[in-house]
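Here the structure is laid out as structure tokens; the discussion comes afterwards.
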Amino acid sequence: MEERVGMSITAEERERRIGTMLSCLLGSLLFFLAFYATYHLLAEVDASDFTVHLGWADEFNKWTLLQALFTGSDRLWHAFVWLLNRLGVELIYAGCLVTAGAVEAAYVIYNLLFKEMLRWLDRRLIPFASLTLCLVSAIYVPWYTTTIYRGQSSPNVWHNPTQMMVRPFALIAFWMTVRIYKRLRKGDGWSTRAFESKGEIVAYAFVLMLTVWAKPSFVQAFIPGLAILMIVDLIRSRGKAFLFCFKTACAYIPAALLVLMNFISNFGSDSASGIEIAFLDVWSHSTDNIPFSFLLLFDFPLFVFIVDWKQLISSVEGQLSLSNLGVAVVMKATLAETGSRRYHGNLSWSYGLAAVFVWFIALRSFLELMFSDRLTGKKYTVVAVVGWTLLALHLLTGILYYIKIVSGEILF
């Protein structure tokens, strides 16, 4: 009998195919969950932020393009919803589709980042790692708090469309920054070449502007966090890093101007509210124990950072995620809106976004510790038991958080 050609595949190719199949299956599940949660919040829960934002999307026709992009904030979700609505999709379903699409985009980006950073990792594990990052939340302690989200925050929210919308763009901007900044420290000297081409700087600046149009909260903490890194490297290099830092900073000018315009629009002289310094006032309003609430959100990342601190503290991504988190914590602890929105927590969204990056870097490092030969013996066993336990608690809480949202509990 003639041998059949092309029927055998390598183990590596089989692994890749199974990984692709799992990515599609889990991605489809996540899309459905996000769509269903959004529909529930729009159709049944009046306290959801979705209700207000859907009304603004419905009023998009009243704005000119310049008004929408340069004098308002959080417009990207509304623009996509409005566009689908104009194409014939009912407004409520347009909101569900855009939100589910944003969540799915974050899942896809996590997949791509894991594949780039952990090229040796079994491709069948990556979809599960990405889904985990899209579900984890602060560990739920029933005797401490009656809610999961309020007071603790989360890298994943289900009730605010603009926070969900900005996450995929923020992830892209974060990783573009990491790749650009690594050029500064490449080799023995201090590179002066920040961008490989004019196209790269245009793309970088545009992605940063998209994050502002989606939600300014990302750059509000990220720009100062990056500035801290630049100042440290300027001191370490004795000024040799100046040209690199200057070129990188120039890419932020359009986004910074947009933030300024949004600030003037929201908190200008005609506005009924403003911003003031009120140390721990807003944060303590939603939790009785701020350090404990912080730990509930960052138990797993903190454990990984303690175990692998040398590796993380020396990497650009580790330093950038920590500096961004530091700025976000300071913002959350010191700033407050005046007026009726004081305790809405609108200045705390940067904190939730900072958690996104810290969680990603922590899970990346943990997978490396678990599936490489960096740890052996008793140390590996201890790290594995504690790490997987903490990760499971965060994941189970995230699933519970979703269940409580769709069952009608108000957690925000």
Side-chain angles (χ1 to χ4, degrees), residues 53 56-57 60 63-84 98-99 101-106 108-109 112-113 160-181 183 194-230 244-268 320-321 323-324 327-328 331 346-347 349-354 356-357:
H53 284 285
W56 290 345
F60 208 85
W63 302 328
T64 67
L65 181 62
L66 289 178
Q67 284 177 323
L69 295 180
F70 295 108
T71 61
S73 61
D74 307 9
R75 300 294 201 213
L76 204 56
W77 185 86
H78 311 102
F80 280 119
V81 172
W82 169 82
L83 179 60
L84 285 180
V98 172
T99 306
V103 174
E104 185 70 13
V108 171
I109 292 168
L112 295 174
L113 292 181
N160 187 275
T162 54
Q163 183 78 345
M164 299 160 88
M165 191 74 197
V166 72
R167 182 172 54 171
F169 298 107
L171 281 168
I172 294 172
F174 176 83
W175 191 243
M176 288 182 75
T177 306
V178 169
R179 296 185 69 173
I180 290 167
Y181 207 84
R183 294 172 190 156
F195 301 97
E196 297 291 346
S197 65
K198 293 180 180 178
E200 185 182 18
I201 189 172
V202 170
Y204 186 50
F206 182 67
V207 169
L208 291 169
M209 291 174 69
L210 284 174
T211 66
V212 178
W213 284 324
K215 198 176 188 73
S217 304
F218 166 68
V219 296
Q220 287 171 1
F222 193 73
I223 291 178
L226 180 59
I228 291 172
L229 241 62
M230 288 182 173
F244 178 96
C245 294
F246 176 77
K247 291 176 180 178
T248 305
C250 286
Y252 282 80
I253 292 175
L257 290 175
L258 282 177
V259 172
L260 179 61
M261 293 177 187
N262 287 326
F263 180 85
I264 294 173
S265 175
N266 291 325
F267 302 105
L320 188 57
S321 61
S323 63
N324 181 55
V327 173
M331 287 178 58
N346 291 323
L347 297 174
W349 291 114
S350 297
Y351 180 69
L353 286 170
V356 170
F357 311 127

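Residue indices begin at 1 and follow the sequence shown. All values derive from a computational prediction rather than experimental measurement.
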With rounding to the nearest 0.5 Å, note down the distance linking CZ in Phe246 to CE in Met230. 11.0 Å
Residues forming a side-chain contact (heavy atoms from CB on, under 4.5 Å) with Ile109, sequence neighbours excluded: Leu113, Pro168, Leu171, Ile172
List in chain and number order the residues that pass ring pair (Phe, Tyr, Trp, His ring centres under 6.0 Å) with Phe357, two or more places apart in sequence or in another chain; answer none if no residue qualifies. Phe174, Phe218
Non-neighbouring partners of Ala221 that pass side-chain contact (heavy atoms from CB on, under 4.5 Å), sequence neighbours left out: Asn324, Val327, Ala328, Met331, Ser350
What distance do Asn160 atom CG and His53 atom NE2 have between them, rounded to the nearest 0.5 Å? 5.0 Å
Would you mind reporting whether Thr211 and Phe222 have side-chain heavy atoms less than 4.5 Å apart? no
Let me have the donor-acceptor pairs involving side chains of residues 248-261, under 3.5 Å, with sequence neighbours excluded, atom names and distances please.
| from | atom 1 | to | atom 2 | distance (Å) |
| --- | --- | --- | --- | --- |
| Thr248 | OG1 | Phe244 | O | 3.0 |
| Tyr252 | OH | Thr177 | OG1 | 3.4 |
| Tyr252 | OH | Tyr204 | OH | 2.5 |

Could you give all pairs that pass the salt bridge (charged side-chain N to carboxylate O under 4.0 Å, His left out) test and reach residues 199-214, with sequence neighbours left out? Arg183-Glu200
Rounded distance [0.5 Å steps], SG in Cys245 versus CG in Leu229: 9.0 Å
Can you give me the closest heavy-atom contact between Pro216 and Asp74, atom names plus distance? CD-OD1, 3.1 Å
Are the side chains of Trp77 and Val166 in contact, using a 4.5 Å heavy-atom criterion? no
If I take atom CG from residue Leu320 and atom OH from residue Tyr181, how far apart are they, to the nearest 0.5 angstrom? 9.0 Å
Hey, what do you get for NZ (Lys215) to CE (Met164), rounding to the nearest 0.5 Å? 11.5 Å
Any residue meeting ring pair (Phe, Tyr, Trp, His ring centres under 6.0 Å) with Trp175, in chain and number order, not counting sequence neighbours: none
State the CD-OG1 distance between Gln163 and Thr99, to the nearest 0.5 angstrom. 12.5 Å
Kindly indicate whether the side chain of Val212, heavy atoms from C-beta on, has any atom under 4.5 Å from the side chain of Leu208. no
Trp349 meets the side-chain hydrogen bond (donor to acceptor under 3.5 Å, both in side chains) criterion, sequence neighbours left out, with none
